[in-house]
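The analysis underlying the following values was restricted to heavy atoms, covering all of them including side chains, and did not include hydrogens, waters or symmetry mates.
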Amino acid sequence: MASSLLLWTFTVSATATPSFLFVVVDDLGFNDVGFQNNATPGQQNVMQTPTIDALAKGGVILSDYTVYKYCSPSRTQMLVGRYAYHLGAQSSNLGPTNSGCAVSDDYDLIPAALKKYAPAKYATHAFGKYNLGFYAKRYTPTFRGFDTFHGFYDGGESHFTHITPFAVWKDPGIPYWWTPSDRKEYPPIGCGALVDMTNNSGSELRPASASLNGTFSAEITTAAVVDVLDRHPSPDQPIFLYVAFHAVHTPLEVPESYSNRYETLVADRDRRILGGMISAVDDGINTIVKKMQSRGLWNNTLVIFTTDNGGPICLNTSAAVQHGEKINKSCGTNNFPLRGSKMTYWQGGTRGIGFVSGPAIPPSARGTRHAGMVHQTDWYTTVLLLAGVSRAQLNATGPVPVDGVDQWSAITAGTSPPRSELVHNINSLGNEGAIRVGKWKLLKGWPSCDCYNANDGWWAPPEMGGKYEPSPEEHPCESHPCLFDLDADPEERFDLAQNRTDVLQQLIARYEELQKSEVSKVDAKLCVDVPNGCVANQALGVWQPWVE
């Protein structure tokens, strides 16, 4: 297990230019880290994350932090600073590997804005999962402000073979994502599964080394970050590291050296594998922080830690059928005590694990919790302003003004929270969405979907008995809007739409006002018709941009 860290061993200058370690953990559930894990009273917490716990408890934990309900729009919101519904991404996962969809290059990602406007000359590097579209070179990370990118373009792949779409299937009736020792592989689905792992620098796009086949994704990401830090020219040059671990996203698989740590902690095998995956991430963060310390890059670093969405709860009663096999899927993650999961607007899909930490946090703020409303778009504004970008320059980063607000003084100095409302999403085409105004949350349309990893109910983790409570009604909020008081009812058990019609009408009116600024996929230039990317890359055997 990773050793403890000496996290704050330097005196930080109030005027020093900050470096940023921006860590994203894929599909991390609300109950999947040690400092948050709810174990049965009298028992130890199951999730073994000493580094994440030390960073969280030595920084500022965000108690009211909101993310998008699934991967690609969530990462878009963080890196572009606008709501998905303002970017045409309100119903789009930019990962379908044969589609011509990508976030418009009319918008500057955080690294591009740093390069353009920050007074200091930032080095910028991206690692792990990208998922913002890549059909043409100009949409790939090193054409959007990052100096280097070591990772994969799409939304999911095998953690060991780095193939997408991953086609690792098990015997009938057994969950198909286990450790390599008991894995059975079938022919790939579709035109053929291709390797998605690249190592780009500047304008040069090249596949990563074939020797990485068999190496776990979190270990690859960690090693790539260490390599960049070893080559960083000077501790005086600030750095922006975007470290987007693919774990704990399915497929549920990890080296047994990690999952064995949970052998005596939890009987459920899915949960043990999931625990191993987050422990691998924890070890990786430990290694990265120690390397930043040894290279003199830690002194004024701000750590931002976030999930991209809530954990998937794979309890869909309809069995998946692939290659003629019926498979009961399991994802291992858990959002207890919140309702719902990834792919839903319930709190289990959108209330995320998040905190800030590191030497850049003022000593007076360390070890606290911030209760104010924070949305993931706020990272864009907060990071750029801390780096010295002006507000005028901030709004020059794209055709639509930023939706993120500056959270720095509220989080670190206790000033009044700058945010009183947020948009989960507005999707007119799908006739669904959700907003939050103060303590009130409005849900219009079914908050979930017919997806194997989406769920409307409540599920305690195996370490607390694993009790599952289904939704009291099928397709809730579909026939009428729902209204919840999140202060009194954070688990969303009591729909107050019929009791508080005054509040309901106020929120519906606000929703309709916000809806007027919705940008369609066409107007946002999100997608174009392109040849099939899988076919175009078949001969090469790896995923690369395929349209000039």
Show the numbers, then the answer: is there a side-chain contact (heavy atoms from CB on, under 4.5 Å) between Asn335 and Ser341?
CA-CA 7 Å; Asn335 303 308; Ser341 65; 4.2 Å; yes
When rounded to the nearest 0.5 angstrom, what distance separates CG in Asn427 from CD in Glu518?
6.5 Å
Looking only at heavy atoms, which two atoms of Thr49 and Ile278 are closest? And how far apart?
CG2-CG1, 3.7 Å
State whether a side-chain donor-acceptor pair under 3.5 Å links Ser217 with His246.
no
Derivation and outcome, salt bridge (charged side-chain N to carboxylate O under 4.0 Å, His left out), residues Lys444 and Glu432:
CA-CA 5 Å; Lys444 290 195 71 177; Glu432 43 92 357; over 6 Å; no
Just say parallel, tilted or perpendicular for the rings of Tyr68 and Tyr70, cut-offs at 30° and 60°.
perpendicular
Side-chain contact, heavy-atom cut-off 4.5 Å: Ser259 with Arg269?
no
Please report the C-alpha distance between Ile435 and His424 in whole Å, then the side-chain angles of each, then the deciding distance to 0.1 Å, and finally whether the side-chain contact (heavy atoms from CB on, under 4.5 Å) criterion is met.
CA-CA 5 Å; Ile435 65 168; His424 289 283; 5.7 Å; no
Could I get the full list of side chain to side chain donor-acceptor pair (under 3.5 Å) partners for Arg339, not counting sequence neighbours?
Ser471
Are Thr382 and Gln407 close enough that a side-chain donor and a side-chain acceptor fall under 3.5 Å?
no
Does Arg493 make a cation-pi contact with Trp458 (under 6.0 Å, within 45 degrees of the axis)?
yes
Using atom types as modelled and distance alone, determine if a side-chain donor or acceptor of Asp485 lies under 3.5 Å from a backbone N or O of Asp489.
no
Taking all non-hydrogen atoms of both residues into account, name the closest pair between Val281 and Phe245 and its distance.
CG1-CD1, 3.8 Å
Non-hydrogen side-chain atoms of Leu507 and Leu483 separated by less than 4.5 Å:
yes
With a 3.5 Å cut-off and no angle check, do the side chains of Ser74 and Gln376 form a donor-acceptor pair?
yes
Answer yes or no: is there a donor N or O on one side and an acceptor on the other, between the side chain of Thr501 and the main chain of Gln498, under 3.5 Å?
no
Contacts of type side chain to side chain donor-acceptor pair (under 3.5 Å), residue Glu263, not counting sequence neighbours
none
Treating Arg510 as the side-chain partner and Ile508 as the backbone partner, does any N or O pair qualify as donor plus acceptor under 3.5 Å?
no
Value rounded to 0.5 Å, distance of CD1 in Ile273 from OH in Tyr262
11.0 Å
Name all residues meeting the side chain to side chain donor-acceptor pair (under 3.5 Å) criterion together with Glu513; count only those two or more places apart in sequence or in a different chain, and write none if there are none.
Lys516
With heavy-atom distances below 4.5 Å as the criterion, would you say the side chains of Tyr65 and His375 are in contact?
no
Which residue in the set Phe494, Tyr345, Trp346 passes ring-ring contact (aromatic ring centres under 6.0 Å, His included) when paired with Phe484?
Trp346
Sequence neighbours excluded, the answer for ring-ring contact (aromatic ring centres under 6.0 Å, His included) partners of His480 is none
Measuring from atom NZ of Lys342 to atom CD1 of Ile313, what distance do you get when rounded to the nearest 0.5 angstrom?
11.5 Å
Kindly indicate whether the side chain of Asp282, heavy atoms from C-beta on, has any atom under 4.5 Å from the side chain of Pro50.
yes
Within a strict 4.5 Å, meaning less than it, do heavy atoms of the Leu504 and Pro481 side chains meet?
yes
Pairwise distance OG1(Thr333) to CG(Leu28) - rounded to 0.5 angstrom
8.5 Å
Closer than 3.5 angstrom, by distance alone: can the side chain of His162 be matched with the main-chain N or O of Phe160 as a donor-acceptor pair?
yes
Quick check: closest heavy atoms across His86 and Tyr107, and the distance to 0.1 Å?
O-OH, 4.1 Å
Is a side-chain N or O of Arg75 found less than 3.5 angstrom from the main chain of Asp308, in a donor-acceptor match?
no
Any chance you could lay out the side-chain contact (heavy atoms from CB on, under 4.5 Å) test for Gln515 and Ser428, step after step, and finish with the verdict?
CA-CA 8 Å; Gln515 193 174 23; Ser428 296; 2.8 Å; yes
Output every pair passing disulfide (SG to SG under 2.5 Å) with a member in residues 454-511, not counting sequence neighbours, ordered by first then second residue.
Cys477-Cys482
Taken to the nearest 0.5 Å, the spacing of Phe30 CZ from Leu338 CG works out to 5.0 Å
Here the gap from Lys69 atom NZ to Ser448 atom OG, rounded to the nearest 0.5 Å, amounts to 8.0 Å
For Val46, does its backbone N or O pair with a side-chain atom of Gln48 as donor and acceptor, under 3.5 Å?
yes
Count the heavy atoms of every other residue, nucleotide or ligand shown that sit under 6.0 Å from CG of Asp487, and state whether that count exceeds 12.
yes
Does Val400 reach the side chain of Tyr83, with side-chain heavy atoms less than 4.5 Å apart?
no
Hey, are the side chains of Val67 and Thr306 touching, using non-hydrogen atoms and a 4.5 Å cut-off?
yes
Between the main-chain N or O of Leu94 and the side-chain N or O of Ser92, is there a donor-acceptor pair closer than 3.5 Å?
no
Stepwise, does the ring-ring contact (aromatic ring centres under 6.0 Å, His included) test hold for Tyr139 with Tyr135?
CA-CA 7 Å; Tyr139 297 115; Tyr135 69 90; 5.1 Å; yes
Counting distance only, does the side-chain N/O of Trp543 pair as donor-acceptor with the main-chain N or O of Thr164 below 3.5 Å?
yes
Sorted by chain and number, sequence neighbours left out, side chain to side chain donor-acceptor pair (under 3.5 Å) with Thr381 holds for none
Passing option when Asp64 is tested against Arg351, Arg436, His370, Lys439 for side chain to side chain donor-acceptor pair (under 3.5 Å):
Arg436
Under a 4.5 Å cut-off applied to non-hydrogen side-chain atoms, are Leu21 and Tyr242 in contact?
no
Classify the side-chain pair Asp32/Asn334 by whether it contains a donor and acceptor separated by less than 3.5 Å.
no
Return yes if a side-chain donor-acceptor contact under 3.5 Å exists between Gln347 and Lys441, otherwise no.
yes
Please report the C-alpha distance between Asp502 and Arg500 in whole Å, then the side-chain angles of each, then the deciding distance to 0.1 Å, and finally whether the salt bridge (charged side-chain N to carboxylate O under 4.0 Å, His left out) criterion is met.
CA-CA 5 Å; Asp502 56 333; Arg500 293 300 307 268; 3.1 Å; yes
Are Ile285 and Phe305 close enough, and set up right, to give a side-chain contact (heavy atoms from CB on, under 4.5 Å), and what steps lead you there?
CA-CA 10 Å; Ile285 295 171; Phe305 180 96; 4.0 Å; yes
What do the steps show when you test Lys129 against Asp196 for salt bridge (charged side-chain N to carboxylate O under 4.0 Å, His left out), and what is the final call?
CA-CA 10 Å; Lys129 178 172 169 176; Asp196 189 0; over 6 Å; no
Kindly say whether Asn131 contributes a backbone atom to a donor-acceptor pair with the side chain of Ser72 at under 3.5 angstrom?
yes
For the pair Phe216 and Tyr258, name the ring-plane relationship: parallel under 30°, tilted 30 to 60°, perpendicular over 60°.
tilted
